[in-house]
Structure formats: C-alpha cells, structure tokens
Amino acid sequence: MDAIKAFYRDQAQHLHKEVWEIARQIGEHPELGYKEYFASEVLSNFLKKHEFEVKKGVAGVETAFLACFKSNIPGPKIAFLAEYDALPGVGHGCGHNLIGAASAGAAVVLSKSLELPGEIIVVGSPAEETSGAKVTLVEEGMFKGVDAAIMFHPGSQNVPVISSLALDALEFTFHGRAAHAVAASYFGINALDAVINFFVGINSLKKQIPQDMKINGVITEGGTVPNIIPDRAVARFYLRARKRKDLDELREQVIRCAEGAAAMVSAKMTWKKFEFSYDEMRTNLTLADCFTKNLRELGIHHIAPPQTAMGSVDMGNVSRAVPAIHPYLALGSGTEIPHTKEFAKAALSSEGEKLVMLAMQILAFTGSDVLRDKKLLQQIKKEFRSKS
C-alpha cells in the first residue's frame with residue numbers, strides 16, 4: 001500500500017464512528033422515495049461540516065442534493081452516488097443507509113489530502129426503489145463533466161462487475177362503452193374483454209421471445225360491478241431485456257398486441273409510461289478492475305465472477321452517460337435475503353458497521369486511483385467511448 005492510500009486508510013478509520021452513526025441514524029429512520037428529508041439532511045450536514053459546498057433540491061427533486069469539493073490542483077472530476085430511500089413495510093431492507101453513508105464518507109476521506117487533484121462530488125440520489133431519481137439527475141445534467149461515477153451496494157457476495165436489465169414500465173388503458181350487462185349488452189363495448197384478450201396475447205408472445213426478456217403484468221382496473229359492462233380497464237406491465245435496443249423492439253411488439261386486443265372487441269387503447277425507463281447497467285470493466293485490485297489490497301480475496309442482476313437499477317442510466325460501476329459487497333455472511341426485515345436488521349448490526357468501513361475505504365481508494373492515475377483514466381474513457 002502506497003503512502004497516499006495509507007493516509008486515506010487512516011482517515012477512514014478516523015471517520016469510522018461518525019460515518020457509522022450516519023448509517024445507523026438513517027437506518028433507524030427509514031423514509032420512502034422522495035420523502036427522505038431526514039436522510040438528505042443528515043448526509044448534507046455531514047458533508048457541509050467537512051467543507052463541501054452543498055446544494056439541495058437539485059434537478060427539481062426536493063430530497064436530492066449535490067455536494068462538491070474542488071481542489072486547487074487541476075484534475076479529473078469523480079462522483080460518488082449516495083442512495084438513502086427505504087422500502088415500505090421493510091425499512092432499509094436493501095441497505096441504502098449503508099450506501100449513502102459510505103459514499104459520503106469516501107468523498108470526505110479523499111478531501112483530506114492536500115495533494116488531491118481535481119474535484120469530488122457526492123450526488124444525493126432519492127427513490128432508487130421506486131421511480132429512480134438518477135434518471136432525472138442524468139437528464140438534468142448533474143453528471144456533466146464527470147469522468148467516473150462510483151458507488152457500492154450491499155449484497156450476498158463481492159461482485160465488482162454486474163450488468164442489469166433495461167426496464168420499461170407501461171400502463172395500457174382500454175376504453176369501451178358501458179351498458180347494462182343483460183338488458184342492453186349489445187350496446188356495450190367491454191373494456192375488460194380487451195384486457196383479457198391482451199393477456200392471452202401476451203402469454204403467446206412470451207413463448208416466442210428469448211428467455212432473458214421478461215414481461216410481467218397485472219390488471220389494476222377491470223370494472224366496478226358485474227351488471228355493468230366495463231367501459232374502462234387498465235393493465236400495468238414491466239418489460240425487461242438485457243439491452244435497450246432489444247427492449248425497444250419488445251415494447252413495440254407488446255403495443256401491437258394491445259392494439260390487436262382492443263380491435264377484437266371494437267375498443268380503443270391508449271398507453272403511457274407510468275415510471276421512468278431504466279437502461280441496462282454498463283459496468284466499466286477498467287474501473288471495475290481498479291475496484292477489484294483495491295479489494296485485494298484490503299485483504300478481500302473472495303471475489304465472485306461477473307453477474308447479471310435479474311432486476312433493473314437507475315444506475316444503468318448513469319452508466320450510459322459516464323463511465324460507472326455498481327459493485328456489490330457482501331453484508332456479513334451473505335445469507336440474508338434483500339428486501340426483507342432480516343436484511344434491514346443486518347444492515348444495522350455490527351456486520352453493517354464493518355461493511356460501511358470496508359466500502360468507504362475501497363470507494364476512496366478507487367476514487368484516488370482515478371484522480372491520480374492519468375493512464376488509468378485514459379483507459380476508462382477509451383473503453384467507455386468504444387461501447388457508447
């Protein structure tokens with residue numbers, strides 16, 4: 001370990017208790033997406049205390065923030081992503097209290113070096129569990145000029161390289177004509193029949209698409225009482241695929257299926273996106289390799305091969321804008337199931353405290369490498385351009 005990283009290790013140890021207290025407080029005060037007022041305030045105050053300039057409510061998102069620390073020495077610009085929203089009825093069952101604390105802690109660790117080149121920002125990113133504020137943050141230019149975006153996520157294994165599925169969330173509304181279901185059934189146009197036809201068509205489509213494409217849907221409206229022909233029926237679907245271009249094609253197939261289902265009963269159909277679309281996660285392998293080397297330097301040798309998460313993350317949209325990584329680090333023994341109260345409890349245990357300390361150091365080491373190593377940054381950017 002070189003002298004600079006030894007310095008960062010010592011700074012992380014010095015900040016350990018303060019950063020764990022932040023993780024503990026957020027974990028004990030779980031807040032849902034876009035309502036993370038306490039968490040956003042705690043993280044912002046910590047960063048302000050350590051001389052970061054903090055702007056709240058960025059990109060029109062009330063609980064988002066942007067914290068900046070700029071060195072007097074010219075250099076790259078790196079971003080640490082902080083998540084801090086909880087799950088309804090579960091609390092921090094995905095460990096976002098650990099994510100926010102570790103990212104803020106790593107940024108402060110780096111800022112303590114008088115030889116630091118460039119700029120560090122912490123992007124406070126609400127609502128990852130729901131509509132994904134990172135989509136808005138990307139669209140509003142929060143990552144403009146950023147050379148690399150870095151975060152970690154608690155999980156069951158140490159996985160530096162992940163990919164995820166692109167996601168579209170579509171709502172289909174079928175418009176019919178109400179009528180008495182017995183006395184004037186001939187006059188009605190049954191919107192629920194159109195939805196049922198739609199699901200039959202979707203089931204047929206599922207048999208024709210590759211296994212890595214997923215279509216999951218529910219009926220959210222289907223009429224009110226049995227003696228009135230429903231004039232309105234609504235279904236919501238999540239569509240997923242490994243690549244955005246494949247998902248775009250799948251979306252068109254599903255829309256055509258909905259149009260055909262409506263035409264079969266002379267109904268009309270409209271559709272919209274009811275949540276933000278997520279792009280697939282594109283892990284920058286050069287940056288992930290740097291993260292892996294730092295894992296080993298800190299004595300972590302149980303490292304899993306690349307994996308595809310069978311879900312979707314809004315970090316995918318960030319990874320299309322700038323070089324990015326979204327590695328997983330094992331929480332404790334790795335036996336707890338995410339999105340459960342047991343996982344939330346583990347995130348508040350001594351194992352959660354150990355993970356925050358480890359993550360803070362690895363994130364800081366990786367950020368330091370990007371800021372200091374010009375050749376590494378060139379390779380990161382070259383790879384990003386080749387895949388864009």
Side-chain angles (χ1 to χ4, degrees), residues 1-29 39 42-43 45-47 49-50 52 67 69 78 80-84 92-113 116 120 122 124 150-160 288 290-304 325-336 338 343-370:
M1 184 179 295
D2 64 30
I4 292 179
K5 286 188 178 178
F7 170 80
Y8 290 139
R9 179 199 58 198
D10 294 343
Q11 288 299 312
Q13 291 172 348
H14 178 71
L15 287 168
H16 175 195
K17 293 299 181 183
E18 187 175 6
V19 172
W20 170 240
E21 181 63 14
I22 291 169
R24 187 192 63 78
Q25 288 182 12
I26 295 173
E28 292 180 352
H29 296 82
V42 168
L43 289 166
N45 287 342
F46 169 70
L47 290 160
K49 174 185 173 182
H50 290 279
F52 279 69
F69 184 94
I78 62 171
F80 292 106
L81 281 293
E83 296 176 0
Y84 36 85
H92 279 283
C94 218
H96 289 191
N97 58 315
L98 306 180
I99 297 173
S103 285
V108 170
V109 164
L110 286 181
S111 74
K112 299 303 179 182
S113 171
L116 172 80
I120 310 160
V122 180
I150 306 168
M151 65 172 290
F152 99 100
H153 200 293
S156 59
Q157 300 179 79
N158 300 312
V159 190
C290 175
F291 184 92
T292 302
K293 289 177 181 177
N294 286 313
L295 268 177
R296 292 196 173 101
E297 189 159 12
L298 285 166
I300 306 299
H301 299 289
H302 295 289
I303 299 172
I325 55 172
H326 184 285
Y328 283 80
L329 294 176
L331 174 60
S333 63
T335 57
E336 303 297 348
F343 196 95
K345 184 178 180 181
L348 280 169
S349 71
S350 60
E351 296 298 340
E353 183 175 0
K354 291 177 185 176
L355 182 56
V356 160
M357 182 62 178
L358 174 65
M360 178 168 55
Q361 291 180 81
I362 296 171
L363 292 174
F365 282 15
T366 305
S368 171
D369 288 337
V370 175

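One is the number of the first residue; the rest follow in order along the sequence.
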**Asked** Thinking salt bridges, do D369 and K293 make one under a 4.0 Å N-O criterion?
**Response** no
**Item:** Test item: N158 side-chain N/O and H302 main-chain N/O as donor-acceptor pair under 3.5 Å
**Value:** yes
**Check: L331 and F343 side chains under 4.5 Å, non-hydrogen atoms** = yes
**Request:** Answer whether the closest heavy-atom distance between the side chains of P327 and V159 falls below 4.5 Å.
**Result:** no
**Message:** Does any part of the side chain of H326, heavy atoms only, come nearer than 4.5 Å to the side chain of F152, both counted from C-beta?
**Reply:** no
**Message:** Would you say that I120 contacts V108 through its side chain, given a criterion of any heavy-atom pair below 4.5 Å between the two side chains?
**Reply:** no
**Asked** Is E353 salt-bridged to K17, going by a charged N under 4.0 Å from an acidic O?
**Response** yes
**Prompt:** Any side-chain heavy atom of M357 within less than 4.5 Å of one from K354?
**Reply:** no
**Complete:** CD of Q361 to CG of L15, rounded to nearest 0.5 Å, is 11.0 Å
**Request:** Could you please spell out the steps behind the side chain to side chain contact (heavy atoms under 4.5 Å, CB included) verdict for L329 and F291?
**Result:** CA-CA 11 Å; L329 294 176; F291 184 92; 4.1 Å; yes
**Asked** Quick one: does H14's side chain have a donor or acceptor within less than 3.5 Å of a partner on D10's backbone?
**Response** no
**Message:** Strictly distance-based, threshold 3.5 Å: is any side-chain N or O of S103 a donor or acceptor partner for the main-chain N or O of M151?
**Reply:** no
**Prompt:** Would Y328 and H153 count as a close aromatic pair, with their ring centres under 6.0 Å?
**Reply:** yes
**Prompt:** When rounded to the nearest 0.5 angstrom, what is the spacing between CZ in F46 and CD1 in I22?
**Reply:** 4.5 Å
**Ion pair check, K345 and E336, cut-off under 4.0 Å** = no
**Message:** Whether the side chain of N294 engages the backbone of I362 through a donor-acceptor N/O pair (distance < 3.5 Å, no angle test) should be reported.
**Reply:** no
**Request:** Output the distance between atom CZ (R9) and atom CD (E297), rounded to the nearest 0.5 Å.
**Result:** 9.5 Å
**Asked** Any side-chain heavy atom of P154 sitting closer than 4.5 Å to one from I99?
**Response** yes
**Request:** State whether the side chain of T292 and the backbone N or O of A288 hold a donor-acceptor pair below 3.5 Å, judged by distance alone.
**Result:** yes
**Request:** May I have the step-by-step check of salt bridge (charged side-chain N to carboxylate O under 4.0 Å, His left out) for E28 and R24, ending in yes or no?
**Result:** CA-CA 6 Å; E28 292 180 352; R24 187 192 63 78; 2.5 Å; yes
**Request:** Compare all side-chain heavy atoms of H50 with those of F69 and state whether any distance is below 4.5 angstrom.
**Result:** no
**Item:** Check: P160 and I325 side chains under 4.5 Å, non-hydrogen atoms
**Value:** no
